[in-house]
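Okay, handing you the structure first.
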Amino acid sequence: MSFSALGLSPAILDALSEQGYKKPSPIQSKTIPEVLSGRDLLAAAQTGSGKTAAFTLPILESLSHSAQAQSNQTLALILTPTRELAAQVKDNIQSYSKYLHVRCEVVFGGVKINPQMMRLRKGTDILVATPGRLLDLYQQNAIRFNKLKFLVLDEADRMLDMGFIHDIKKILNILPKKRQNLMFSATFSNKIKTLAKSIVHNPLEISVSPPNQATPKVNHWIVPIDKKQKTALLIHLIKTNNWPQVLVFSRTKHGANDLVRKLARAKINCTAIHGNKSQGARTKALASFKNNQLQVLVATDIAARGLDIDQLPQVVNYDLPNVAEDYVHRIGRTGRAGATGEAVSLVSADEFKQLADIECLLKKQLERVFIEGFDPVHNLPESNLHNYKKARKKPINKPKVEHRDGRNLKKAKRPR
Ligand code: AMP
C-alpha cells in the first residue's frame, strides 16, 4: 500500500516523501481513507505507531479543499495532554502541510497568554491545544468554534490520568454538535470507554498493537539492585556502555533533580524535565537532547509522555512507575518507527509491588540481569503472576538470570 492509494493530494505526498516516509504505517493505511470519508474514529494506538500522521493527514487533506478559518475561528481542534506533545503535533503538521495553504497554531499553558491571543486573531485552520489554556482563551473570546469540523483527542488516557476530565467536558459543551471526532488512547479503561461514548458516534474502531502489550521492537529487562546503589549503577552503565543518548525516568520531580546533581558530579552531561521547570527550560532541554548536545535527560512520566525523539536507543527506569501502564508508555519511547531499542529498569526490593503489577500486565516475568559488583543484599522476590497462571493453566518458566559486567548489554542474547 502506498500513500497515494489513500486519497492524499500530491502536495501532501511530496511533503511526506521529503520526510522520508516511504509507505503508510498500519494505523495510517487503516484510518486515513475512513477519516477522509467522514467517519469518527476510536483508535487504540501508542506513540511510535505513526498515529499523529494518521489523524493529521486526512484533516489536512480535507481542510485544503475548504474555506479558511475567519478571525478567531478554528476548523480543527486537536487536544493533547502535555505542552511538549502539543508542540510536537504542531511541528508534524507544519512539515506535512509545507505545500498547502492550511494554517496551524499551538497554544498551551506555562507561557504568556497575550501572544497566543494575538496569533489567534486572524483565525487558524488547525489549533493544537492543551485543555486548560484553551479554556482560558475561550473565556477571553480569543477563539470561536462555530465553524469547527474536527475534534481530535490525543492520548485520552493520559488526559484523564492528569485530571483533565472536567476541562474536557467543558470543552465538549462549547463545541458544535455536528463535527467529526477522532479519539486516540494507548489504553482503554472503563473511564475511557465512558468518555468515548460521549464523543465518538458509530466510530471505526481499530487497535494497532494489542492494548497493554509492550512494543515488540524493544528489548527490556530488569537489574535487581539495592536502592542505595542505583545511582552508582546508573553511572557505571552509562560510562561502560558509552550510551550517547539516554532517557532516564524518575518517579518524582525531587528525585529527578537529585539524580541530575549526582550525575553531573560524575561529569555526565544531563538535565531534568518535569512539571516544576518553566516551559522555556523544558523546551530548551528537549532541543539539546534531540540535537545530541545533552547525553542524559531525566524525566518524570508526565513530562516525557509522548515525546518523539528519533531513534532513541536507550531508556532507563531509575524507579519503576506506580501505575503499571506507565511502564509500557515509558519503554515505548525507544524502539520507535522500526528501530530496535533497549529499556533497563533498576529495581530495588521495595519496588516489588510495582514490578509484580507490571509483570501481571505484561503477562510475563521480566528477564533479570545481575551486574558484576552490584549484587543486591536485599532480595527482590519473584512475582507469582496469579492472574497469569489462571489464564494459562501452565507452569511458568523461571525468568532467565544472567550475570554481566554491565558492558555490551546490547550484544547479549536475550530470550524473546
Ligand atoms: P507517532 O506515533 O505519531 O508519535 O510517530 C512516531 C514517529 O514515526 C515520528 O517520528 C514520525 O515522524 C514517524 N512516522 C510516522 N509515520 C511514518 C511513516 N509512514 N514512515 C516513516 N516514519 C513515520
Side-chain angles (χ1 to χ4, degrees), residues 1-8 12-33 35-36 41 43-61 76 78-98 104 106 126 128 152-159 182-187 206-211 213-218 245 247 286-287 289-292 299 301 303-313 315 328-341:
M1 166 88 66
S2 67
F3 277 112
S4 55
L6 300 179
L8 300 170
I12 295 183
L13 298 179
D14 288 349
L16 291 177
S17 83
E18 276 180 30
Q19 288 295 307
Y21 293 10
K22 295 199 168 50
K23 59 181 179 60
S25 70
I27 189 172
Q28 292 161 1
S29 31
K30 281 183 200 153
T31 60
I32 291 173
V35 176
L36 282 174
L41 175 67
Q46 295 163 2
T47 26
S49 57
K51 69 183 169 68
T52 314
F55 62 81
T56 53
L57 295 179
I59 290 177
L60 283 170
E61 179 65 40
I78 300 172
L79 291 175
T80 73
T82 65
R83 302 158 187 180
E84 282 80 7
L85 185 57
Q88 208 166 276
V89 170
K90 194 222 172 190
D91 288 349
N92 282 4
I93 293 176
Q94 260 176 343
S95 58
Y96 305 146
S97 62
K98 202 170 158 191
C104 178
V106 61
I126 303 179
V128 189
V152 179
L153 225 61
D154 195 10
E155 305 205 346
D157 48 351
R158 178 51 48 139
M159 293 219 213
L182 315 176
M183 184 167 157
F184 290 78
S185 190
T187 54
I206 72 150
S207 170
V208 279
S209 58
Q213 296 286 312
T215 129
K217 287 265 173 69
V218 181
Q245 203 187 27
L247 181 60
L286 186 61
F289 189 59
K290 282 187 173 184
N291 299 336
N292 289 308
D301 286 295
R305 170 80 181 193
L307 294 185
D308 175 25
I309 301 155
D310 279 349
Q311 309 200 320
L312 180 64
V315 164
V328 179
H329 298 313
R330 284 181 179 193
I331 72 167
R333 307 303 82 231
T334 177
R336 323 203 55 186
T340 303

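Side chains included, hydrogens not; waters and symmetry mates left out as well; all remaining heavy atoms used. Both ligands and their constituent atoms are indexed starting at 1 by order of listing.
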Are any non-hydrogen side-chain atoms of Q28 and F3 less than 4.5 angstrom apart? yes
Atoms of ligand 1 close to S25 [distance to a heavy atom under 4.0 angstrom, numbered from 1]: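 Numbered from 1, ligand 1 contributes 19 (N).
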Side-chain donor/acceptor of S185 to backbone N/O of D157, under 3.5 Å: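 Here the side-chain-to-backbone pair exists.
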Just to check, does K23 reach to within less than 4.0 Å of ligand 1 when the distance is taken from its heavy atoms?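 Flag set, K23 near ligand 1.
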Residues in ring pair (Phe, Tyr, Trp, His ring centres under 6.0 Å) contact with Y21, at least two apart in sequence or another chain: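 Ring pair (Phe, Tyr, Trp, His ring centres under 6.0 Å) list for Y21, sorted by chain: Y96.
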K51: numbered ligand 1 atoms lying under 4.0 Å from its heavy atoms: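 Those atoms are 1 (P), 2 (O), 3 (O).
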Heteroatom proximity flag, N92 to ligand 1, N/O under 3.5 Å: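 N92 vs ligand 1: no N/O contact under 3.5 Å.
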N/O donor-acceptor pairs under 3.5 Å from side chains in residues 52-60, not counting sequence neighbours:
from: T56; atom 1: OG1; to: T52; atom 2: O; distance (Å): 2.8

S25 side chain vs S49 backbone, donor-acceptor pair below 3.5 Å: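 Yes.
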Does any N/O atom on Q28 come nearer than 3.5 Å to any N/O atom on ligand 1?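 The answer is yes, given that Q28 and ligand 1 share an N or O pair closer than 3.5 Å.
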Y21, F184, F3: member with heavy atom nearest to atom 11 (C) of ligand 1: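 Result: the heavy atom closest to atom 11 (C) of ligand 1 is in Y21.
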Under 3.5 Å, is there a donor-acceptor pair linking the side chains of D154 and T80? no
Mark up the atoms of ligand 1 that fall under 4.0 Å of a heavy atom belonging to T52, in ascending order. 1 (P), 3 (O), 4 (O)
